[in-house]
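Report on one structure; see the data block that follows.
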Amino acid sequence: MEQWWWYLWFSIISLFGASLGNWIHRWRNPKCNGKLPPGSMGLPLIGETLSFFVTSNSIDIHPFVAQRMKRYGSLFKTSLAGRPVVVSLDPDFNYFVLQQEDKLVELYYMDSLAKLVHQDDMKNIGGDFHKYFRRVILSHFGHEPLKHKLLSQFEDVINHELQDWSKLPQVDLKHQTASMLFNTASKILMSCVPEENLGHDLSDILQGLMTFPVYFPGTAFYKCLKKKEKALKLTSGVLEERMNLYPTDKGDLLEKMVGDMGKEAGLTKQFVSHALFGLLIATIETIAPTITLAAKYLLDNPSALQHLTEEHERIVKKREDAKSGVSWDDYKSMTFTHYVISFLGSSEEP
């Protein structure tokens with residue numbers, strides 16, 4: 001009898017071990033119709049998530065990415081937050097993938113991003129609707145608007161903000177820049193400057209994306225969604241007011257989208273309010289860190305700061321009226337300035 005129980009116990013342990021080994025093997029070697037790039041899937045379920053979420057004080061490429069680039073190259077596989085992922089740092093390959101949207105590949109969004117933006121709205125972004133949205137954005141923020149309108153608007157806002165900053169005992173550059181960008185973007189997108197400035201909230205909101213999507217008080221994701229609700233309340237209110245006044249002579253992006261509601265499939269009130277929210281985030285999250293990094297780099301490199309100062313002094317001296325605003329020719333002649341901006345853009349963390 002005792003021998004029978006021993007054989008049964010041994011069989012159960014053996015079966016469990018074999019199943020566990022097979023599961024681990026399948027985890028480390030996921031199925032693929034083609035050939036997967038080199039890399040590691042990490043621990044079962046957890047993958048390499050913990051290494052990815054480790055905070056880094058570096059302003060260069062995150063150590064998680066840098067280490068794997070050195071080990072596997074610019075294309076590698078991994079597993080993050082329970083999802084198999086292929087990471088590409090090859091610009092040519094990335095360009096190819098983006099060109100194959102709705103052909104060989106389809107858009108996918110992290111669970112946290114889908115919940116942040118709204119799952120139903122994410123389904124609308126693709127194909128013809130994506131092209132429409134991109135066309136509308138470029139018509140208000142592209143080359144021609146920058147040349148004829150936005151450049152002077154940006155200069156006026158910056159001059160006004162710098163005067164205000166000069167009166168402060170100290171300046172938190174990223175925080176103040178985020179507030180300035182919120183006002184500027186709101187004015188360009190919606191022709192209004194809300195009473196409550198949400199720049200600081202929106203500048204930190206994307207930190208919630210790099211966490212597990214756990215909606216529980218105190219978690220980063222919970223705080224992220226609360227900030228989202230606050231911002232959506234604002235954009236929804238502005239949208240509702242504009243719809244009641246439509247048509248107007250404002251000619252901003254909101255006016256265009258309100259006019260196209262009912263004409264473009266998927267362009268609903270909910271989507272427009274979420275789109276405005278997303279554009280505010282995109283404006284603040286990309287520019288505020290770059291300006292902050294610019295200040296640090298230039299202060300750490302006096303020769304670069306001197307070169308930059310001399311370039312702008314030369315531009316001012318060439319003007320017939322030194323007090324006139326920045327012209328399109330002035331902007332195009334800022335060779336070293338563009339170099340600094342490009343350098344900073346390539347130095348930001350992914």
Side-chain angles (χ1 to χ4, degrees), residues 55 59 109-119 121-122 125 133 136-137 140-141 150 153-154 157-158 160-162 164-165 168 171-215 217-242 252-254 257 269-296 344-345 348-350:
T55 303
I59 57 176
Y109 298 91
M110 295 166 53
D111 294 343
S112 54
L113 178 60
K115 290 181 181 180
L116 175 66
V117 178
H118 197 277
Q119 184 67 46
D121 291 331
M122 303 305 285
I125 303 180
F133 195 53
V136 171
I137 297 295
H140 287 80
F141 295 94
L150 296 182
Q153 287 185 6
F154 291 153
V157 171
I158 292 170
H160 182 268
E161 288 292 327
L162 289 177
D164 289 343
W165 292 2
L168 299 175
V171 175
D172 182 329
L173 188 57
K174 185 179 179 183
H175 174 75
Q176 293 297 135
T177 301
S179 297
M180 175 184 69
L181 290 169
F182 177 79
N183 286 339
T184 305
S186 297
K187 189 172 182 179
I188 294 172
L189 292 170
M190 308 178 290
S191 297
C192 70
V193 178
E195 292 183 6
E196 183 179 6
N197 192 300
L198 302 181
H200 183 60
D201 286 341
L202 296 181
S203 69
D204 295 332
I205 202 170
L206 290 189
Q207 293 180 8
L209 292 180
M210 307 309 295
T211 61
F212 286 101
V214 179
Y215 189 74
T219 63
F221 188 67
Y222 179 87
K223 295 176 182 177
C224 173
L225 290 189
K226 286 300 179 182
K227 292 176 181 178
K228 166 201 167 182
E229 291 174 7
K230 193 175 181 181
L232 279 177
K233 183 178 180 181
L234 185 151
T235 57
S236 298
V238 173
L239 171 60
E240 197 68 40
E241 182 179 347
R242 180 63 63 86
D252 53 21
L253 183 138
L254 179 57
M257 297 187 78
K269 287 172 59 176
Q270 189 177 50
F271 181 85
V272 173
S273 61
H274 277 79
L276 293 172
F277 162 66
L279 290 171
L280 287 171
I281 292 178
T283 302
I284 293 169
E285 185 64 27
T286 55
I287 301 177
T290 302
I291 292 177
T292 306
L293 282 177
K296 182 185 185 306
L344 292 171
E348 288 189 73
E349 280 189 28

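Start at 1 with the first residue, then count along the sequence. None of these values were measured; they are calculated from a predicted model. The figures here come from the full heavy-atom set of this structure, side chains too, leaving out hydrogens, waters and symmetry mates.
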Side chain to side chain contact (heavy atoms under 4.5 Å, CB included) assessment of L168 paired with Q176: CA-CA 11 Å; L168 299 175; Q176 293 297 135; 4.2 Å; yes
Got a donor-acceptor contact below 3.5 angstrom from the [X] side chain to the [Y] backbone?
X    : Y    : answer
D201 : K227 : no
S186 : N183 : no
S236 : K233 : no
S203 : H200 : yes

Once rounded to the nearest 0.5 Å, what's the spacing between atom [atom1] of [X] and atom [atom2] of [Y]?
X    : Y    : atom1 : atom2 : result
L276 : F271 : CG    : CZ    : 9.5 Å
E196 : K230 : CD    : NZ    : 4.0 Å
L162 : M180 : CG    : CE    : 7.5 Å
I158 : W165 : CD1   : CH2   : 8.5 Å
I291 : T177 : CD1   : OG1   : 4.5 Å
L253 : S191 : CG    : OG    : 10.0 Å

Can you give me the closest heavy-atom contact between [X] and [Y], atom names plus distance?
X    : Y    : value
M257 : F133 : CE-CE1, 3.7 Å
A282 : T286 : O-OG1, 2.6 Å
L150 : F141 : CD1-CA, 3.9 Å
I188 : D252 : O-CB, 3.4 Å
L280 : A185 : CD2-CB, 3.7 Å
E285 : L202 : OE1-O, 4.0 Å

Sequence neighbours left out, what passes salt bridge (Lys or Arg N to Asp or Glu O under 4.0 Å) with E229? Give chain and number order. K226
Decide side chain to side chain contact (heavy atoms under 4.5 Å, CB included) for C224 and K228; before the verdict, give the C-alpha distance in whole Å, the side-chain angles of both, and the deciding distance to 0.1 Å. CA-CA 6 Å; C224 173; K228 166 201 167 182; 5.8 Å; no
For residues T235 and V272, determine if any side-chain heavy atom of one lies less than 4.5 Å from a side-chain heavy atom of the other.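 They are not in side-chain contact.
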Just wondering, are more than 12 heavy atoms of other shown residues or ligands nearer than 6.0 Å to CD in E241?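 Check fails, neighbour count at 12 or below.
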